[in-house]
Undergrad: 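Mind looking over this structure? Questions follow.
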Amino acid sequence: MALMNPKDMFVAAYDGRYAIGAFNVNNMEIVQGIMEAASEEKSPVILQVSAGARKYAGQTYLMKLVEAALTEDPSVPVAVHLDHGATFELCRDCIDGGFTSVMIDGSHLPFEENIALTRQVVEYAHPRGVWVEAELGKLAGVEEHVQNADHVYTDPKEAVEFVERSGCDSLAVAIGTSHGAYKFKGEAKLDFDRLEAIGKLLPNYPLVLHGASSVPQEFVELCNKYGGNVAGAKGVPEDMLRKAAGMSVCKINVDTDIRLAVTASIRQHMVEHPEDFDPRAYLKPARAAVKAMVAHKIRNVMGSSGKA
Ligand code: G3H
Ligand code: 13P
Ligand code: ZN
């Protein structure tokens, strides 16, 4: 199967009350780990590339890795998505480079400017068969252990106006999640009433949850046990993600959990095998850790096993 526009994945996910996992990719082992999990679980998957990933690995390298993964198991439906595109030009370059989906993130802009920027990307993307995700509202953030007070939850009525006027195909909403490993200081809480209200006003419309890593404590403990310092990390509980997937959320973004899986595994290997200096010796278990984590997510959080 060729790379696909994610439309059909989202239609099926909406109707089937599950979500598609969107996993960030930065190198070969991460692409392989995710794709092996999707293949074993017979699940559709979205591989997403941030501006930082593009800068680190290069767009062509990442696209070629994805192409290689597709030939390993052509039965897995795969979309390649730009994560948090900040400008029209970046979205255009990714569309021209073969991405099947892009996010234009104008969430920091005033409402009208966010609409205008999103509309500009939509007008370039749609004639080329590319899906456009946009964002309205600002995600909360706990950066370096400091809670970001600057968050704005998505207003349901504004969401409807935004979708109608911008023409975006899916919308990332702010309901209490945040990026990174430090999402909640106290008890985890998401605004499900708000999510329900947005979903009711936008029937059959796919919503997106960013900042949706669950920060598995086993990885945090392994990092800390083997010389790391990841104190107080906390993610979104898996049952909350499951609940969101059963509502209008059709795409759930995961990056931090991949970083933790890789780092925990490498830290453990380095301490337990100080004699090793062949990168394959520690990248192989790291890739296996990504695969196991993603397979667990697909099965128990997204609910997308068997939907390929
Ligand atoms: O939402 C942000 C993603 O986790 C990507 O992070 O820009 O460091 O690649 P990055
Ligand atoms: P996490 O930091 O929770 O993994 O979120 C990733 C994300 O939203 C990518 O866009
Ligand atoms: Zn994000």
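Ligands are counted one by one from 1 in listed order, and the atoms in each one are counted from 1 as well. We number each residue from 1, following the sequence as shown.
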Undergrad: Specify side chain, backbone, both or neither for Thr256, according to which of its non-hydrogen atoms lie closer than 4.0 Å to ligand 1.
TA: neither

Undergrad: Quick one: do Leu209 and Met247 end up in the same hydrophobic cluster if we chain Ile, Leu, Val, Met, Phe, Trp and Tyr together by side-chain heavy atoms under 4.5 Å apart?
TA: yes

Undergrad: Any luck finding a side-chain donor-acceptor pair between Glu133 and His84 under 3.5 Å?
TA: no

Undergrad: Students should be able to answer this: which protein heavy-atom is nearest to atom 2 (O) of ligand 2, and at what distance?
TA: Thr256 OG1, 2.6 Å

Undergrad: Heavy-atom contacts under 4.0 Å between His84 and ligand 1: side chain, backbone, both, or neither?
TA: side chain

Undergrad: Provide the number and element of each atom of ligand 2 under 4.0 Å from a heavy atom of Gly180.
TA: 2 (O)

Undergrad: Among all the protein's non-hydrogen atoms, which is closest to atom 7 (O) of ligand 1, and how far away is it?
TA: Ser50 OG, 3.6 Å

Undergrad: Under 3.5 Å, is there a donor on one side chain and an acceptor on the other for Lys251 and Gln48?
TA: yes

Undergrad: One residue to check: Asn253. Relative to ligand 1, which of side chain, backbone, both or neither has a non-hydrogen atom less than 4.0 Å away?
TA: neither

Undergrad: What part of Arg259, side chain, backbone, both or neither, has a heavy atom within less than 4.0 angstrom of ligand 1?
TA: side chain

Undergrad: Write down the atom of Ser213, the atom of Thr256, and the distance for their closest heavy-atom approach.
TA: OG-N, 3.3 Å

Undergrad: Would you name the heavy atoms of Thr154 and Ala159 that are closest together and state the gap between them?
TA: CG2-CB, 4.1 Å

Undergrad: Give the numbers and elements of all ligand 2 atoms closer than 4.0 Å to a heavy atom of His210.
TA: 8 (O), 10 (O)

Undergrad: Of all the heavy-atom pairs spanning Ala79 and Met9, show the shortest one and how long it is.
TA: N-CE, 3.6 Å

Undergrad: Checking Asn24 against Asp83: is there a side-chain donor and acceptor pair closer than 3.5 Å?
TA: yes

Undergrad: Identify whether the distance between the nearest side-chain nitrogen and carboxylate oxygen of Glu123 and Arg119 falls below 4.0 Å.
TA: yes

Undergrad: Can you tell me the angle formed at the Zn ion (ligand 3) by ND1 of His210 and NE2 of His84, to 10°?
TA: 90°

Undergrad: Should the heavy atoms of other residues, nucleotides or ligands under 6.0 Å from NZ of Lys42 be counted, would the total exceed 12?
TA: no

Undergrad: State whether the shortest distance between N or O atoms of Val254 and N or O atoms of ligand 2 falls below 3.5 angstrom.
TA: no

Undergrad: How does Asn24 reach ligand 2, by side chain, by backbone, by both or by neither, if only non-hydrogen atoms under 4.0 Å count?
TA: side chain

Undergrad: Quick one: look up the protein heavy atom nearest atom 8 (O) of ligand 2 and list residue, atom name and how far away it is.
TA: Gly211 N, 2.8 Å

Undergrad: Any idea which atoms of ligand 1 are less than 4.0 Å away from a heavy-atom of His179?
TA: 1 (O)

Undergrad: Among protein heavy atoms, which sits nearest to atom 9 (C) of ligand 2, and what does the distance come to when rounded to 0.1 Å?
TA: Asp83 OD2, 3.1 Å

Undergrad: Atoms of ligand 2 less than 4.0 Å from His84 heavy atoms?
TA: 10 (O)

Undergrad: Can you give me the closest heavy-atom contact between Ser304 and Ala19, atom names plus distance?
TA: CB-O, 3.5 Å

Undergrad: Which residue owns the protein heavy atom closest to atom 7 (C) of ligand 2, what's the atom, and how far is it?
TA: His179 CD2, 3.4 Å

Undergrad: I need the minimum non-hydrogen distance between Leu62 and Val49, along with the two atoms involved.
TA: CD1-CG1, 3.7 Å

Undergrad: Below a 4.0 angstrom heavy-atom separation, can you tell me which part of Ala212, side chain or backbone, both or neither, approaches ligand 2?
TA: backbone

Undergrad: Within the 3.5 Å criterion, strictly below it, is a donor on Asn253 or His179 matched to an acceptor on the partner's side chain?
TA: no

Undergrad: Below 4.0 angstrom from a heavy atom of Asn24, which ligand 1 atoms are there? Numbered from 1 as shown, please.
TA: 3 (C), 5 (C)

Undergrad: Who's the nearest protein heavy-atom neighbour of atom 3 (O) of ligand 2, and how far?
TA: Lys183 NZ, 2.5 Å

Undergrad: Using a strict cut-off of 4.0 Å, indicate which atoms of ligand 1 neighbour a heavy atom of Asp255.
TA: 3 (C), 4 (O), 5 (C), 6 (O)

Undergrad: So is there a nitrogen or oxygen of Asn253 less than 3.5 Å from a nitrogen or oxygen in ligand 2?
TA: yes

